[in-house]
Amino acid sequence: MADQRAAAERFLALHVRGEPLLMPNAWDVGSARMLASLGIDAIATTSGGFAASLGRLDYNVTREEAIAHGAALAAAVQVPVSADLEDCYAQDSGGVAETVRRARDAGLAGGSIEDWSSSDGGTLLEPELAAERVAEAAAAAAQDGGAFVLTARAENYLRGNPDLDDTIARLTAYERAGADVLYAPGLPDLDALREIVAAVTKPVNVLITPALASVGELAVAGAARISLGGSLAFSAYGAALTAVRELQQGSGRYLAQSRQGMREVREALGD
């Protein structure tokens, strides 16, 4: 637990407004170790990428599977690991706290909680209920003097409700509820990010997208952390499918990239 607390404290210290932490998302132990070999300071899991590695779509992983996966990544690298915990896999009172306690006890430095639930076909939670759940998670993170960097996510822009005012209202409520980091994935532009940064005092995480792809611009806008979501995992899967399609068409052009990848994997994994 002393190592976990040190990792959590180090992780939180890496969040500096205007000097964003680049935090790529690994989908298995191998990708985590390769990312760490590049000098990355912290790594996150990706619920979608992990689910795909199991042959499933996103939001089809259990709490036990997600925490065991996060624990395996945390044990494999020497940098803090934060878990994508979706809605904390709980709708009942006390379930959110249980997820956070398990994640902390598994050695994870932090984790996220969404205000969207995949149950019953999926629903964006009412702000008051969502804030109560963030407060429950924050209390569990600090229980017994513990440390766990809690990221609270406002899912509006991913769930068909692109309302910046409501997003800011949610994030400020989550800040008051005890979140350490605030996150609204899917923002449309830098102006939206600037408004959010101006409205809160806690560090703001940004999901890199085609509309928000410049690390330098995100830094100037005030981001404290940049996440890649499932983009790395799906890029890897996409490259594999492209290679097979090339072979189906009679070409093995992908082999040059494969040889380079093999060399880099061997270097990263210590061969």
- Query: Looking only at heavy atoms, which two atoms of Gly111 and Ser82 are closest? And how far apart?
  - Reply: N-OG, 3.4 Å

- Item | Cluster check Tyr59, Leu85: I/L/V/M/F/W/Y, side chain < 4.5 angstrom | no

- Task: I would like to know whether Trp116 and Asp87 meet side-chain contact (heavy atoms from CB on, under 4.5 Å); could you show each step before the answer?
- Result: CA-CA 7 Å; Trp116 186 84; Asp87 64 352; over 6 Å; no

- Task: Report yes if some heavy atom in the side chain of Val197 is under 4.5 Å from a heavy atom in the side chain of Arg17; otherwise report no.
- Result: yes

- Item | Nearest heavy-atom neighbours spanning Ala90 and Gly95 | CB-C, 3.3 Å

- Task: Carefully, step by step, assess Asn25 and Thr46 under the rule side chain to side chain donor-acceptor pair (under 3.5 Å).
- Result: CA-CA 6 Å; Asn25 302 66; Thr46 159; 5.3 Å; no

- Item | Candidates Leu187, Leu207, Leu193 - the one meeting side-chain contact (heavy atoms from CB on, under 4.5 Å) with Leu212 | Leu187

- Message: So does Asp189 get a backbone contact from the side chain of Asp191, meaning a donor-acceptor N/O pair under 3.5 Å?
- Response: no

- Item | For Leu35 against Ala26, the heavy-atom pair lying closest together | CD1-CB, 3.9 Å

- Message: Just verifying a value: how many Å separate Ile67 CD1 and Leu108 CG, rounded to the nearest 0.5 Å?
- Response: 8.0 Å

- Between the side chain of Arg176 and the main-chain N/O of Leu171, is any donor-acceptor distance below 3.5 Å? no

- Message: Please check if the number of heavy atoms outside Asp120 that lie under 6.0 Å from its CG is greater than 12.
- Response: no

- Any chance you could measure Leu73, atom CG, to Trp27, atom CH2, to the nearest 0.5 Å? 10.5 Å

- Item | Which atom of Ala42 lies closest to which atom of Leu14, heavy atoms considered | CB-CD1, 4.4 Å

- Message: Determine whether Leu129 and Glu132 satisfy the following criterion, side-chain contact (heavy atoms from CB on, under 4.5 Å), listing intermediate values before the conclusion.
- Response: CA-CA 5 Å; Leu129 173 59; Glu132 290 174 4; 4.1 Å; yes

- Task: May I have the step-by-step check of salt bridge (Lys or Arg N to Asp or Glu O under 4.0 Å) for Arg263 and Glu267, ending in yes or no?
- Result: CA-CA 6 Å; Arg263 287 193 297 271; Glu267 291 176 4; over 6 Å; no

- Query: Taking the side chain from Asn60 and the backbone from Leu57, do they hold a donor-acceptor pair closer than 3.5 Å?
  - Reply: yes

- Quick one: do Leu182 and Thr151 satisfy side-chain contact (heavy atoms from CB on, under 4.5 Å)? Show the steps, please. CA-CA 6 Å; Leu182 304 168; Thr151 299; over 6 Å; no

- Query: Is there a side-chain contact between Leu125 and Ser117, using heavy atoms and a 4.5 Å cut-off?
  - Reply: yes

- Is it true that the side chains of Asn156 and Thr167 contain a donor and an acceptor less than 3.5 Å apart? yes

- Message: Tell me whether Ser258 contacts the main-chain N or O of Tyr254 through its side chain, where contact means a donor paired with an acceptor under 3.5 Å.
- Response: no

- Item | Closest approach of Pro20 to Ala219 (non-hydrogen atoms, all atoms of both residues) | CD-CB, 3.5 Å

- Within a strict 4.5 Å, meaning less than it, do heavy atoms of the Asp180 and Leu12 side chains meet? yes

- Message: Main chain of Asp41, side chain of Arg10: is a donor-acceptor contact present, judged purely on distance under 3.5 Å?
- Response: no

- Message: When you group the ILVMFWY residues by side-chain heavy-atom contacts below 4.5 Å and let the links chain together, are Met34 and Ile40 in the same group?
- Response: no

- Task: Can you measure from CZ (Arg170) to CG (Asn161) and round to the nearest 0.5 angstrom?
- Result: 7.0 Å

- Message: Can you tell me if Gln257 has over 12 outside heavy atoms packed within less than 6.0 Å of its CD?
- Response: no

- Under 6.0 Å from the CZ atom of Arg56, do we count more than 12 heavy atoms belonging to anything else shown? yes

- Counting only N and O atoms by type, is there a donor-acceptor contact under 3.5 Å from the side chain of Glu264 to the main-chain atoms of Arg259? no

- Closest heavy-atom contact between Arg104 and Ala140? NH1-O, 3.4 Å

- Quick one: pull up OH in Tyr157 and OG1 in Thr209 and give me the separation to the nearest 0.5 Å. 12.0 Å

- So do the side chains of Asp115 and Leu124 get within less than 4.5 Å of each other, counting heavy atoms only? yes

- Message: Between Thr172 and Glu175, is the side chain to side chain donor-acceptor pair (under 3.5 Å) condition met? List the steps.
- Response: CA-CA 5 Å; Thr172 54; Glu175 178 175 22; over 6 Å; no

- Task: Determine yes or no for a side-chain-to-main-chain donor-acceptor pair under 3.5 angstrom, with Thr99 supplying the side chain and Cys88 the backbone.
- Result: yes

- Message: Applying side-chain contact (heavy atoms from CB on, under 4.5 Å) to Arg225 and Phe11, what does each step give before you reach the verdict?
- Response: CA-CA 11 Å; Arg225 187 173 89 197; Phe11 182 37; 3.5 Å; yes

- Heavy atoms, side chains only, cut-off 4.5 Å: are Asp58 and Glu86 in contact? yes

- Query: Can you check whether Asp165's main-chain N or O pairs, donor with acceptor, with Asp163's side chain at less than 3.5 Å?
  - Reply: yes

- Query: Just by distance, do the side chain of Glu65 and the backbone of Thr62 share a donor-acceptor pair under 3.5 Å?
  - Reply: yes

- Message: Within this structure, what is the CG-CD1 distance for the pair Leu22 and Ile208, rounded to the nearest 0.5 Å?
- Response: 7.0 Å

- With side chain to side chain donor-acceptor pair (under 3.5 Å) as the test, would you mind laying out the steps for Asn205 and Ser227 before giving the verdict? CA-CA 7 Å; Asn205 183 39; Ser227 293; 3.0 Å; yes

- Query: Should Arg102 and Glu64 count as an ion pair when the cut-off is N to O under 4.0 Å?
  - Reply: yes

- Query: Can Ser53 and Asp28 be said to form a side chain to side chain donor-acceptor pair (under 3.5 Å), step by step?
  - Reply: CA-CA 8 Å; Ser53 76; Asp28 60 16; over 6 Å; no

- Message: Determine whether a donor-acceptor pair (N or O, by modelled atom type, separation under 3.5 Å) exists between the side chain of Thr45 and the backbone of Asp84.
- Response: yes

- Kindly indicate, with the supporting measurements, whether the criterion salt bridge (Lys or Arg N to Asp or Glu O under 4.0 Å) is fulfilled by Arg133 and Glu136. CA-CA 5 Å; Arg133 289 164 57 83; Glu136 180 182 335; over 6 Å; no

- Message: Starting from Leu269, can I reach Met262 by hopping between I/L/V/M/F/W/Y residues whose side chains sit under 4.5 Å apart?
- Response: no

- Message: I'd like to check His15 versus Leu21 (side-chain heavy atoms, cut-off strictly below 4.5 Å). Are they in contact?
- Response: yes

- Would Val265 and Val29 show up in the same hydrophobic cluster when neighbours are defined by side-chain heavy atoms closer than 4.5 Å? no

- Query: Measuring from Leu158:CG to Arg153:CZ, what's the distance to the nearest 0.5 Å?
  - Reply: 6.5 Å

- Under a single-linkage definition using a 4.5 Å side-chain heavy-atom cutoff for Ile, Leu, Val, Met, Phe, Trp and Tyr, are Tyr174 and Val100 assigned to the same hydrophobic cluster? yes

